[in-house]
**Q** 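Structure incoming, see below.
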Amino acid sequence: MTVHVAAAATGSEQTLTRGSTRDGLRGFRAALPLWLGIVPFGVAFGMMARSAGFSVFEAQLMSITVFAGSAQLQAVALLSAGAGVAGIVTSTLLINLRHVLYGVALRERVHLSPLARALAAHLLTDEAFGVFAAAGERSFAFLLGVELSMFLAWNAATLAGTCFGRLVPSPERYGVDFVFPLAFLTMLVLSVRSRRQLGVAALAAGLAFACKQALPGELTLLVAAGTSAAVGAALGAPGPAPQQEISRAPQEAP
Amino acid sequence: MSHLPLIAGMALVTFATRYAGFSIGNRRSPAWERFVELVPVATFAAIVAASVAGERGEGLVRVGAAAAAAVATWYSRRAWVGIIAGLLAFALAR
């Protein structure tokens, strides 16, 4: 069932949608290719958590309430190395700071009630943001579908890892960690539509490469992405003029 | 030893960072809107640059496979085609 909410924006009627069940299912399916990268690391987290002394319940509770793969993996590694709660929580804050940018971008793109905002925030991950932004969608239902797809994959994999993890070899040995940069590269290719956006992407990549040598990993993304987006914004409008638009490959024949 | 305090602390700060972005005031300046529009491509590029080379000394192979993935995505306009192409190129070149 589609719900349309009419809203006034800059003096003209603008239709915003909460979206439909169909939008939610489309969002769920759109995130399926990323399961290939999510599942092995969810299993790895479950296995590492058990090794670090977590019960099956505690490991699952972390995946449900924190739902942040990088932070969770880092947390169990730090715990195994003897780090305290305060240090691990601080590290979690730093590694997740980039999510502030995601919320800023999403707020402008989709109308959210306070409850929907809280739900969307809890389930927000790099992958969910990437799929939603690349798809150019504007409904909460689609966003929720993407987020729930990632949530289901991560939590199912965590459970598998805590119960059967000893049977699974290290994901890095098989290059499964390569899926993440590949997934974001495809989203980048599909999102760039102007020379200005291409320039911002190139600047962000250069800054990330440079920052990686000097900054902790959790700050690299925030500094590189925030700085390059700010530079691009300061230099003028990002929309393509007809002569500046990057030509796109012809659509696949049906 | 219970890990519940650790889990609670991590959940709190993670939710706070995610919710903070949604709560930043509704700015409508042209520069702010341009910034918001550019955040996705900037973020995607930063993530790729920071992680494409990996940590196992396979940087050149991975960059080459990533190039194959980019070309496949460009022509197919399908993310899953690019991911599969990149993984195949990586497996063949390893």
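Residue numbers begin at 1 in each chain, while the letters A, B, ... track the order of the sequences.
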**Q** Pick from A:Ala208, A:Ala30, A:Ala121, A:Ala224: which one has the most heavy-atom pairs with chain B under 4.5 Å?
**A**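 So the answer, after comparing A:Ala208, A:Ala30, A:Ala121, A:Ala224, is A:Ala121.
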**Q** Is it true that, when you exclude B:Leu60 itself, more than 12 heavy atoms of the residues, nucleotides or ligands shown sit nearer than 6.0 Å to its CG?
**A**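 Counting neighbours around CG of B:Leu60, 12 or fewer heavy atoms of other residues, nucleotides or ligands fall under 6.0 Å, so no.
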**Q** Pick one of side chain, backbone, both or neither for A:Leu207, based on which atoms fall under 4.5 Å of a heavy atom in chain B.
**A**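 A:Leu207 has no heavy atom closer than 4.5 Å to chain B.
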**Q** Which pair of heavy atoms, one from A:Leu185 and one from B:Ala66, lies closest together, and at what distance?
**A**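 In terms of heavy atoms, the two residues are closest at CD2-O, 3.0 Å.
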**Q** Which pair of non-hydrogen atoms, one from A:Gln197 and one from B:Leu38, has the smallest distance, and what is that distance?
**A**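 Heavy atoms of A:Gln197 and B:Leu38 come nearest at CG-CD2, 3.9 Å.
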**Q** At their closest point, which heavy atom of A:Thr65 faces which heavy atom of B:Ala11, and how far apart are they?
**A**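 Answer, listing the atom of A:Thr65 first, then B:Ala11: O-CB, 3.7 Å.
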**Q** Could you measure the distance from the CD1 atom of B:Ile7 to the CD atom of A:Gln60? Nearest 0.5 Å is fine.
**A**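 Interatomic distance, B:Ile7 CD1 to A:Gln60 CD, rounded to 0.5 Å: 10.5 Å.
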**Q** Are the side chains of B:Val13 and A:Asn96 in touch, meaning some heavy atoms are under 4.5 Å apart?
**A**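 A side-chain contact is absent here, since even the closest heavy-atom pair is not under 4.5 Å.
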**Q** Would you say the side-chain atoms of B:Arg18 pair up with the backbone N or O of A:His122, donor to acceptor, closer than 3.5 Å?
**A**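 Indeed, once roles are kept as given, a pair shorter than 3.5 Å links the two residues.
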**Q** Which region of A:Leu112, side chain (C-beta onward) or backbone (N, CA, C, O), has a non-hydrogen atom less than 4.5 Å from a non-hydrogen atom of chain B, or is it both or neither?
**A**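 Contact with chain B: side chain only.
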**Q** If you count heavy-atom pairs under 4.5 Å between each of A:Val66, A:Val131, A:Leu123 and chain B, which one has the most?
**A**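 Most pairs with chain B among the choices: A:Val66.
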**Q** What distance do B:Arg34 atom CZ and A:Arg196 atom CZ have between them, rounded to the nearest 0.5 Å?
**A**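 It comes to 8.0 Å.
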**Q** Contact part of A:Leu203 toward chain B, heavy-atom cut-off under 4.5 Å: side chain, backbone, both or neither?
**A**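 Nothing of A:Leu203, per the 4.5 Å heavy-atom cut-off to chain B.
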**Q** Evaluate side chain to side chain contact (heavy atoms under 4.5 Å, CB included) for B:Leu6 paired with A:Ile88, printing each intermediate quantity in order.
**A** CA-CA 8 Å; B:Leu6 172 64; A:Ile88 297 174; 3.6 Å; yes
**Q** Heavy-atom pairs under 4.5 Å with chain B are the metric here; pick the option from A:Phe209, A:Phe57, A:Tyr102 that has the most.
**A**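 Ranked by heavy-atom pairs under 4.5 Å with chain B, first place is A:Tyr102.
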**Q** Which pair of non-hydrogen atoms, one from B:Phe15 and one from A:Ala118, has the smallest distance, and what is that distance?
**A**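 Heavy-atom minimum between the residues: CE1-O, 3.4 Å.
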**Q** Using a cut-off of under 4.5 Å for heavy-atom pairs, which of B:Ser51, B:Gly82, B:Ala72, B:Ala85 has the most such pairs with chain A?
**A**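 The option with the most such pairs is B:Ser51.
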**Q** Closest heavy-atom contact between B:Arg78 and A:Leu190?
**A**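 Looking at all heavy atoms of both residues, the closest pair is N-CD2, 4.4 Å.
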**Q** With rounding to the nearest 0.5 Å, note down the distance linking OG1 in A:Thr186 to CD1 in B:Ile84.
**A**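 Between atom OG1 of A:Thr186 and atom CD1 of B:Ile84 there are 11.0 Å.
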**Q** So which of B:Ala49, B:Ala16, B:Ala45, B:Ala65 has the largest heavy-atom pair count under 4.5 angstrom toward chain A?
**A**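 Option with the greatest count: B:Ala45.
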**Q** Name the member of B:Pro5, B:Ala53, B:Ala91, B:Pro40 that forms the most heavy-atom pairs with chain A at distances under 4.5 Å.
**A**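 Most heavy-atom pairs within the cutoff with chain A belong to B:Pro40.
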**Q** Give me the ring orientation class for B:His3 and A:Phe54: parallel if the planes are under 30° apart, tilted from 30 to 60°, perpendicular past 60°.
**A**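 Taking A:Phe54 first and then B:His3, their aromatic rings lie parallel (interplane angle under 30°).
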**Q** Would B:Val52 and A:Phe178 satisfy side chain to side chain contact (heavy atoms under 4.5 Å, CB included), going step by step from the backbone distance to the final call?
**A** CA-CA 7 Å; B:Val52 69; A:Phe178 191 40; 4.2 Å; yes
**Q** If you count heavy-atom pairs within less than 4.5 Å of chain A, which of B:Phe22, B:Phe35, B:Trp80, B:Tyr19 leads?
**A**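 Of the options given, most contacts go to B:Phe22.
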**Q** What distance separates B:Thr14 OG1 from A:Ile95 CD1, expressed to the nearest 0.5 Å?
**A**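 So the gap between those two atoms works out to 9.5 Å.
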**Q** Given side chain to side chain contact (heavy atoms under 4.5 Å, CB included), test B:Phe90 with A:Leu182 step by step and report yes or no.
**A** CA-CA 11 Å; B:Phe90 181 59; A:Leu182 280 183; over 6 Å; no
**Q** In terms of heavy-atom pairs under 4.5 Å, which option from B:Ala50, B:Ala31, B:Ala8 contacts chain A the most?
**A**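 Between B:Ala50, B:Ala31, B:Ala8, the count favours B:Ala50.
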**Q** Could you report the tightest heavy-atom contact between B:Leu87 and A:Leu36, atom names first, then the distance?
**A**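 So the minimum-distance heavy-atom pair works out to CD1-CD2, 3.5 Å.
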**Q** For the candidates A:Ser228, A:Gly206, A:Gly130, which exhibits the highest count of non-hydrogen atom pairs separated by less than 4.5 Å from chain B?
**A**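 The option with the most such pairs is A:Gly130.
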**Q** A side-chain contact here means heavy atoms from C-beta on lying under 4.5 Å apart; do A:Val104 and B:Trp32 qualify?
**A**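 Touching, per the 4.5 Å side-chain cut-off.
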**Q** List the steps and the verdict of side chain to side chain contact (heavy atoms under 4.5 Å, CB included) for B:Ile47 and A:Asp126.
**A** CA-CA 9 Å; B:Ile47 289 174; A:Asp126 301 296; 4.3 Å; yes
**Q** Exactly one of B:Val39, B:Val36, B:Thr17 should register a side chain to side chain contact (heavy atoms under 4.5 Å, CB included) with A:Leu101. Which one does?
**A**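 When side chain to side chain contact (heavy atoms under 4.5 Å, CB included) is applied between A:Leu101 and each of B:Val39, B:Val36, B:Thr17, only B:Val39 qualifies.
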**Q** Could you check whether any side-chain heavy atom of B:Thr43 comes within less than 4.5 Å of a side-chain heavy atom of A:Arg98, counting everything from C-beta outward?
**A**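 SC-SC contact between B:Thr43 and A:Arg98 ruled out.
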